[in-house]
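Let me begin by presenting the structure, written as structure tokens, before commenting on it.
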Amino acid sequence: MRRFLIPLLLALSVLAGPGPGPAVAQTAPVPAATQVALPDWQHTSINDFAGLLTQADTQALDEALIALHGQTGVQGTVVTITDRARYGGTDGLERFATRLFNHWGVGDATRNDGFMLLVSRDDREARIELGRGYPPEAGLLAQDIMNRVMLPSFREGDYSRGLREGTLAVIDRIARPHAAGQPETAPRGSRGIPPFALFLGAAAGMFGLSRWDRRRRNRCPKCGHQGLTTTGMPLRDDRPGGGWRTAMQTRARTCPSCGWQDSRIVPLPVITYYDLHGNRERVVPVRATSTGSAGFGGGSSSGGGASGRW
């Protein structure tokens with residue numbers, strides 16, 4: 001009897017578990033991405049925090065982006081950083097780019113047609129972030145620009161050339177056609193574009209393109225014609241000591257079919273000063289105190305665009 005009783009008592013002690021002991025503190029989960037402040041923009045056109053652009057390319061891009069905004073109302077910006085981690089970007093390039101884009105409010109709040117070119121030097125990655133007003137085909141074009149235009153220069157260490165040529169390509173192939181109401185078309189051929197990206201883009205265009213908000217907003221309210229033209233004319237403000245400056249512009253939309261017109265006065269992203277002879281003296285960026293203030297238009301992105309790594 002005793003030989004059965006001892007094993008039984010041992011088994012019961014194991015099932016009962018250890019006696020009362022010290023309480024163990026529960027540790028709160030650590031968030032995946034540290035909440036670190038995003039950088040504040042200094043200029044609406046170029047924020048070269050990592051110092052990757054040459055002076056000549058900085059001037060060329062600044063003039064191109066200012067001209068784009070003045071003529072079409074589209075805001076574009078170029079951003080370089082040393083790394084994402086210092087701004088809390090440990091959750092990945094795509095989420096960080098979208099978060100920064102929306103924090104600054106790039107683009108018009110109604111059309112959401114802004115864009116951002118972002119390069120993170122030490123992470124060896126780049127992003128073309130598009131406003132939520134662009135259709136899926138624009139993302140395919142952006143990926144083509146990333147693969148064919150930007151990444152080859154980045155792999156050679158020529159960041160300035162890659163940013164210059166990439167930005168000008170986005171302006172010419174995506175921003176201006178979109179502002180003119182021209183339908184975006186997928187790039188010729190599929191070299192450099194993953195097959196699954198082509199499939200997803202085609203499927204999204206099949207099911208959602210006909211209802212896209214951008215087309216509705218670019219439709220004439222009088223005759224229903226699709227494809228309004230948008231132009232911008234800076235307003236001259238004479239200076240007491242001679243010369244003038246431009247800080248506002250008249251933005252006009254016109255229907256080429258019935259002649260309907262609409263115009264409004266909107267602020268420019270920069271204030272440009274001219275002397276008596278019309279020579280440009282200096283350009284002063286309009287600083288913002290919050291998202292969507294006088295500098296940027298309060299636009300947002302839903303995460304569309306293209307990424308690249310080297």
Side-chain angles (χ1 to χ4, degrees), residues 39-81 100-101 103-109 111 113-119 158-172 175-176 179 229-253 263-299:
D40 292 327
W41 62 270
Q42 299 176 356
H43 309 276
T44 54
S45 54
I46 300 172
N47 291 274
D48 189 15
F49 299 122
L52 303 182
L53 289 168
T54 65
Q55 183 175 358
D57 285 342
T58 298
Q59 181 176 352
L61 289 180
D62 186 57
E63 293 176 353
L65 292 169
I66 291 175
L68 173 69
H69 185 260
Q71 295 165 6
T72 68
V74 176
Q75 286 185 323
T77 187
V78 176
V79 186
T80 72
I81 58 175
L100 182 62
F101 188 106
H103 177 68
W104 287 1
V106 180
D108 181 82
R111 300 189 309 272
D113 53 4
F115 65 88
M116 171 187 288
L117 272 76
L118 171 68
V119 169
D158 196 342
Y159 295 104
S160 189
R161 184 183 70 182
L163 281 167
R164 183 191 72 241
E165 295 181 351
T167 303
L168 296 179
V170 172
I171 291 175
D172 293 337
R176 287 190 179 276
T229 60
T230 303
T231 58
M233 178 64 68
L235 298 177
R236 173 171 167 167
D237 183 16
D238 292 332
R239 298 159 59 188
W244 69 89
R245 71 170 191 170
T246 56
M248 308 290 288
Q249 71 167 337
T250 300
R251 184 184 301 166
R253 294 191 303 162
S263 63
R264 64 187 64 185
I265 297 177
V266 297
L268 290 168
V270 295
I271 301 176
T272 307
Y273 292 86
Y274 299 88
D275 62 18
L276 290 170
H277 305 288
N279 300 315
R280 188 171 65 177
E281 293 180 334
R282 66 185 188 277
V283 177
V284 180
V286 180
R287 292 189 61 84
T289 56
S290 62
T291 300
S293 61
F296 287 112

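Atoms considered below: every heavy atom in the structure, side chains included; atoms not considered: hydrogens, waters and symmetry mates. Position 1 is the first residue of the sequence; numbering continues from there.
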Query - Heavy-atom pair with the smallest gap, counting every atom of Leu276 and Gly243 - result: CD2-N, 3.2 Å
Query - Gln55: side chain to side chain donor-acceptor pair (under 3.5 Å) partners, not counting sequence neighbours - result: none
**Report entry** Non-neighbouring partners of Asp57 that pass side chain to side chain donor-acceptor pair (under 3.5 Å), sequence neighbours left out
**Finding:** Thr54, Ser160, Arg164
**Report entry** For Arg245, all residues meeting side chain to side chain donor-acceptor pair (under 3.5 Å), sequence neighbours excluded
**Finding:** Asp237
Query raised in the report: What pairs with Asp172 under salt bridge (charged side-chain N to carboxylate O under 4.0 Å, His left out), at least two apart in sequence or on another chain?
Result: none
Query raised in the report: When you measure from the side chain of Gln75 to the backbone N and O of Gly295, does any donor-acceptor pair fall under 3.5 Å?
Result: yes
Query raised in the report: Between NE2 of His69 and CD1 of Ile66, what distance do you get to the nearest 0.5 Å?
Result: 10.0 Å
Report summary line: Of all heavy-atom pairs linking Asp158 and Arg161, the shortest is OD1-N, 3.1 Å
Query raised in the report: For Arg176, what residues pass the salt bridge (charged side-chain N to carboxylate O under 4.0 Å, His left out) criterion, not counting sequence neighbours?
Result: none
**Report entry** N/O donor-acceptor pair under 3.5 Å between Arg111 side chain and Ala179 backbone
**Finding:** no
Query - Derivation and outcome, side-chain contact (heavy atoms from CB on, under 4.5 Å), residues Val119 and Leu163 - result: CA-CA 8 Å; Val119 169; Leu163 281 167; 3.6 Å; yes
**Report entry** Nearest non-hydrogen partners of Asp48 and Leu53, listed with the distance
**Finding:** OD2-N, 2.9 Å
Report task. Applying side chain to side chain contact (heavy atoms under 4.5 Å, CB included), name anything that partners Ala60, two or more places apart in sequence or on another chain. Result -> none
Query raised in the report: Does Ile171 reach the side chain of Phe115, with side-chain heavy atoms less than 4.5 Å apart?
Result: yes
Requested in this report: Could you tell me which non-hydrogen atom of Trp104 sits nearest to which non-hydrogen atom of Met116, and how far apart they are?
Outcome: CE3-CE, 3.8 Å
Report task. For Thr77 and Thr44, work out which heavy atoms get closest and say how close. Result -> OG1-O, 3.1 Å
Requested in this report: Output all residues satisfying side chain to side chain donor-acceptor pair (under 3.5 Å) with Asp108, sequence neighbours left out; order by chain, then residue number.
Outcome: none
**Report entry** Counterpart residues, side chain to side chain contact (heavy atoms under 4.5 Å, CB included), relative to Arg236 (two or more places apart)
**Finding:** Asp238, Trp244
Query raised in the report: With Tyr273, which residues qualify under ring-ring contact (aromatic ring centres under 6.0 Å, His included), at least two apart?
Result: none
Query raised in the report: Got a sec, which residues hit side chain to side chain contact (heavy atoms under 4.5 Å, CB included) with Glu63, two or more places apart in sequence or on another chain?
Result: Gln59, Arg280
Query raised in the report: Can you tell which of Thr167, Val79, Asp62, Leu117 makes a side chain to side chain contact (heavy atoms under 4.5 Å, CB included) with Ile46?
Result: Asp62
Report summary line: Between Thr80 and Gly51, the two heavy atoms sitting closest are OG1-N, 3.9 Å
Query raised in the report: Which pairs with one or both residues in residues 65-74 pass salt bridge (Lys or Arg N to Asp or Glu O under 4.0 Å), sequence neighbours excluded?
Result: none
Query - Steps toward side-chain contact (heavy atoms from CB on, under 4.5 Å) verdict (Val78, Leu65) - result: CA-CA 9 Å; Val78 176; Leu65 292 169; 4.2 Å; yes
